[in-house]
Chemist: 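If you scroll down you'll find the structure; I have some questions about it.
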Amino acid sequence: MLRIGAIEAGGTKFVCGIGNDSGVVEDQISFPTEYPDQTLEKVINYFVDKNVAAIGIGSFGPIHVDPNSPFYGYVTTTPKPGWANYNFLGTLKQAFDVPFGWDTDVNAAALGEAKWGAAKGLDSCVYYTIGTGIGVGVYMEGRLVHGLVHPEGGHVLVRRHKEDHFEGMCTYHGDCFEGLAAGPAIEKRWGLKGNEMPADHPAWEIEAYYIAQSVSSTIFMLSPKIVILGGGVMHQQQLFPLIRANVQRNLNGYISSPAILDDINSYIVAPGLGNNAGLSGALALGLEALKKS
Ligand code: ADP
Ligand code: ZN
């Protein structure tokens with residue numbers, strides 16, 4: 001049986017695992033993200049006796065994903081100590097002589113969902129993670145989208161909710177989507193963590209308003225066949241109906257697809273792979289790298 005390594009590299013924690021070509025994860029471990037050398041030493045120790053045929057990495061970012069760039073495989077502008085301009089992929093390549101897949105954590109999750117999850121059988125999907133930050137992965141016409149750098153859908157600009165006077169907290173843009181709607185913004189605005197607030201707290205209407213704006217723009221811009229919303233904040237199930245209703249209101253009948261007009265419950269959905277979307281996505285990247293090699 002084929003054995004593929006997978007790394008879900010998050011800003012808070014790393015998850016490493018092994019799996020097979022059906023997307024089944026057979027073993028995994030997790031540890032906090034520290035300085036890069038210490039963290040990658042743990043990654044290397046995990047894989048050293050696993051005999052994997054390839055390794056896929058879905059990484060927090062921004063990262064360099066253009067294979068023609070001399071900085072391919074580097075992390076770029078993160079505030080995370082030690083990681084800015086760090087040669088993440090290169091360090092692992094020195095340790096293991098196998099094909100590597102390398103992409104953003106959210107692109108990886110989008111690929112995993114397209115292969116084995118909520119977007120199975122579809123040739124496009126957009127995957128959101130709404131957690132400590134907001135990231136958006138884009139899979140279109142059967143492939144992951146990178147463009148100039150890679151999509152950064154967490155930082156799109158949004159129109160303010162009229163009752164929201166929170167200044168926003170993105171270090172680059174203040175009140176961009178992430179600055180207003182990621183988990184830390186909810187906590188700072190209300191003085192309570194998201195998981196401590198009741199389902200009928202006014203926070204969720206404002207949260208849904210911002211998420212729905214971004215999703216509406218994504219639908220206008222990319223026309224994905226499904227939109228998948230993951231990450232810690234989306235554990236608040238009551239957000240889904242609020243977001244769907246806001247999206248329908250924003251689009252106002254203009255996008256005349258039954259998926260949106262009649263069947264939005266199966267168009268804006270939770271990850272089919274649940275909390276495994278990230279790691280399974282990394283596994284999918286590893287498999288693709290093996291096929292290409
Ligand atoms: P990360 O983005 O660091 O990988 P998560 O996706 O779990 O991890 O996101 C963490 C953020 O999500 C935190 O800001 C946390 O307060 C928020 N969060 C986690 N669980 C919940 C929950 N059940 N309800 C609301 N917010 C949550
Ligand atoms: Zn921003």
Chemist: Would a 4.5 Å heavy-atom cut-off, applied to side chains only, mark Trp204 and Val233 as touching?
Modeler: yes
Chemist: Output the distance between atom CD1 (Ile264) and atom CZ (Phe240), rounded to the nearest 0.5 Å.
Modeler: 12.0 Å
Chemist: What do the steps show when you test Met234 against Leu239 for side-chain contact (heavy atoms from CB on, under 4.5 Å), and what is the final call?
Modeler: CA-CA 7 Å; Met234 292 310 303; Leu239 282 171; 3.9 Å; yes
Chemist: Ignoring hydrogens, what is the shortest heavy-atom contact between Val52 and Gly5? Give both atom names and the distance.
Modeler: CG1-N, 3.6 Å
Chemist: When you group the ILVMFWY residues by side-chain heavy-atom contacts below 4.5 Å and let the links chain together, are Leu144 and Tyr127 in the same group?
Modeler: no
Chemist: Under 4.5 Å between any side-chain heavy atoms of Pro224 and Tyr139, yes or no?
Modeler: no
Chemist: Within a reach of under 6.0 Å around CD of Gln94, are more than 12 heavy atoms found that belong to other residues, nucleotides or ligands?
Modeler: no
Chemist: Looking at Gly133 and Glu178, what are the two nearest heavy atoms and their distance?
Modeler: CA-OE1, 3.5 Å
Chemist: Can you name the closest pair of heavy atoms from Gly82 and Pro36 and give their distance?
Modeler: O-CG, 3.2 Å
Chemist: Take atom CG in Asp123; do more than 12 heavy atoms of anything else shown fall under 6.0 Å from it?
Modeler: yes
Chemist: Looking at every non-hydrogen atom in both residues, tell me the closest pair between Gly154 and Cys176 and how far apart they are.
Modeler: O-SG, 4.2 Å
Chemist: Which distance, rounded to the nearest 0.5 Å, do you find between the CD of Glu187 and the CG of Asn195?
Modeler: 9.0 Å
Chemist: Do Ile134 and Ile219 sit in one hydrophobic cluster, given that two such residues count as connected whenever their side-chain heavy atoms are within less than 4.5 Å of each other, even indirectly?
Modeler: yes
Chemist: Could you check whether the rings of Tyr128 and Phe177 sit parallel, tilted or perpendicular, using 30° and 60° as the cut-offs?
Modeler: perpendicular
Chemist: Check whether Thr78 reaches the backbone of Gly61 with its side chain - one donor and one acceptor, N or O, closer than 3.5 Å.
Modeler: no
Chemist: Shared ILVMFWY cluster between Ile18 and Leu111, side chains joined below 4.5 angstrom?
Modeler: no
Chemist: Any side-chain heavy atom of Pro151 within less than 4.5 Å of one from Val136?
Modeler: no
Chemist: Write down the atom of Pro184, the atom of Gly131, and the distance for their closest heavy-atom approach.
Modeler: CD-O, 3.7 Å
Chemist: Tell me whether the count of non-hydrogen atoms from other residues, nucleotides or ligands lying under 6.0 Å of NZ in Lys42 goes above 12.
Modeler: yes
Chemist: One pair to check against side-chain contact (heavy atoms from CB on, under 4.5 Å): His235 and Asn275. What are the steps and the verdict?
Modeler: CA-CA 10 Å; His235 288 143; Asn275 294 332; 3.4 Å; yes
Chemist: Quick one: which of Asp49, Ile44, Val43 gives a side chain to side chain contact (heavy atoms under 4.5 Å, CB included) with Phe47?
Modeler: Val43
Chemist: Applying a strict under-4.5 Å side-chain criterion to I, L, V, M, F, W and Y, I'd like to know whether Phe60 and Val15 cluster together.
Modeler: no
Chemist: Do the side chains of Asp105 and Ser59 get nearer than 4.5 Å, heavy atoms only?
Modeler: no
Chemist: Give a yes or no answer on whether the side chain of Thr76 reaches the backbone of Pro62 with a donor-acceptor pair at less than 3.5 Å.
Modeler: yes
Chemist: Evaluate side-chain contact (heavy atoms from CB on, under 4.5 Å) for Leu2 paired with Asn20, printing each intermediate quantity in order.
Modeler: CA-CA 6 Å; Leu2 205 51; Asn20 63 28; 5.6 Å; no
Chemist: Using side chain to side chain contact (heavy atoms under 4.5 Å, CB included) as the criterion, point out the one residue from Val215, Ile260, Ile226 that pairs with Ile268.
Modeler: Val215
Chemist: Counting only heavy atoms not in Glu141, do more than 12 sit closer than 6.0 Å to its CD atom?
Modeler: no
Chemist: Is a donor from one side chain sitting under 3.5 angstrom from an acceptor on the other, for Asp164 and Tyr210?
Modeler: yes
Chemist: Do Phe220 and Leu251 come within less than 4.5 Å of each other through their side chains, counting heavy atoms only?
Modeler: yes
Chemist: Are Arg160 and Leu180 side-chain neighbours, meaning at least one heavy-atom pair lies under 4.5 Å?
Modeler: yes
Chemist: Are Thr77 and Tyr172 side-chain neighbours, meaning at least one heavy-atom pair lies under 4.5 Å?
Modeler: yes
Chemist: Which heavy atom of Asn107 sits nearest to which heavy atom of Gly137, and what is that distance?
Modeler: OD1-CA, 3.3 Å
Chemist: Please report the interatomic distance CD1(Ile243) to CD(Glu205), rounded to the nearest 0.5 Å.
Modeler: 10.0 Å
Chemist: Nearest 0.5 angstrom please: Asn265 CG to Asp263 CG, how far?
Modeler: 7.0 Å
Chemist: Hey, do the aromatic rings of Trp83 and Phe88 have their centres closer than 6.0 Å?
Modeler: yes
Chemist: We want to know whether His150 and Asp103 form a side-chain donor-acceptor pair, criterion being a heavy-atom distance below 3.5 angstrom.
Modeler: no
Chemist: Out of curiosity, Lys50 NZ to Glu26 CD, how far, rounded to the nearest 0.5 Å?
Modeler: 11.5 Å
Chemist: Strictly distance-based, threshold 3.5 Å: is any side-chain N or O of Trp102 a donor or acceptor partner for the main-chain N or O of His64?
Modeler: yes
Chemist: In sequence, state the C-alpha distance, the side-chain angles, and the governing distance for Tyr267 and Val247, and then conclude on side-chain contact (heavy atoms from CB on, under 4.5 Å).
Modeler: CA-CA 11 Å; Tyr267 180 71; Val247 166; 6.0 Å; no
Chemist: Decide yes or no for Thr91 and Tyr86: does some side-chain heavy atom of the first lie under 4.5 Å from some side-chain heavy atom of the second?
Modeler: yes
Chemist: Report yes or no: do Tyr72 and Phe96 belong to one cluster of Ile/Leu/Val/Met/Phe/Trp/Tyr joined by side chain heavy-atom distances under 4.5 Å?
Modeler: yes
Chemist: Are there over 12 heavy-atom neighbours, none belonging to Tyr35, within less than 6.0 Å of that residue's OH?
Modeler: no
Chemist: Which distance, rounded to the nearest 0.5 Å, do you find between the CD1 of Ile206 and the CD1 of Ile211?
Modeler: 12.0 Å
Chemist: Using modelled atom types only, decide if a donor and an acceptor are shared between the side chain of Asn252 and the backbone of Tyr254 within a distance under 3.5 Å.
Modeler: no
Chemist: CG of Asp262: more than 12 outside heavy atoms within 6.0 angstrom?
Modeler: yes
Chemist: Could you tell me whether a side-chain N or O of Thr39 sits under 3.5 Å from a main-chain N or O of Thr33, the two making a donor and an acceptor?
Modeler: no
Chemist: Whether the side chain of Glu113 engages the backbone of Gly272 through a donor-acceptor N/O pair (distance < 3.5 Å, no angle test) should be reported.
Modeler: yes
Chemist: What do you reckon, is CZ of Phe71 surrounded by more than 12 foreign heavy atoms closer than 6.0 Å?
Modeler: no
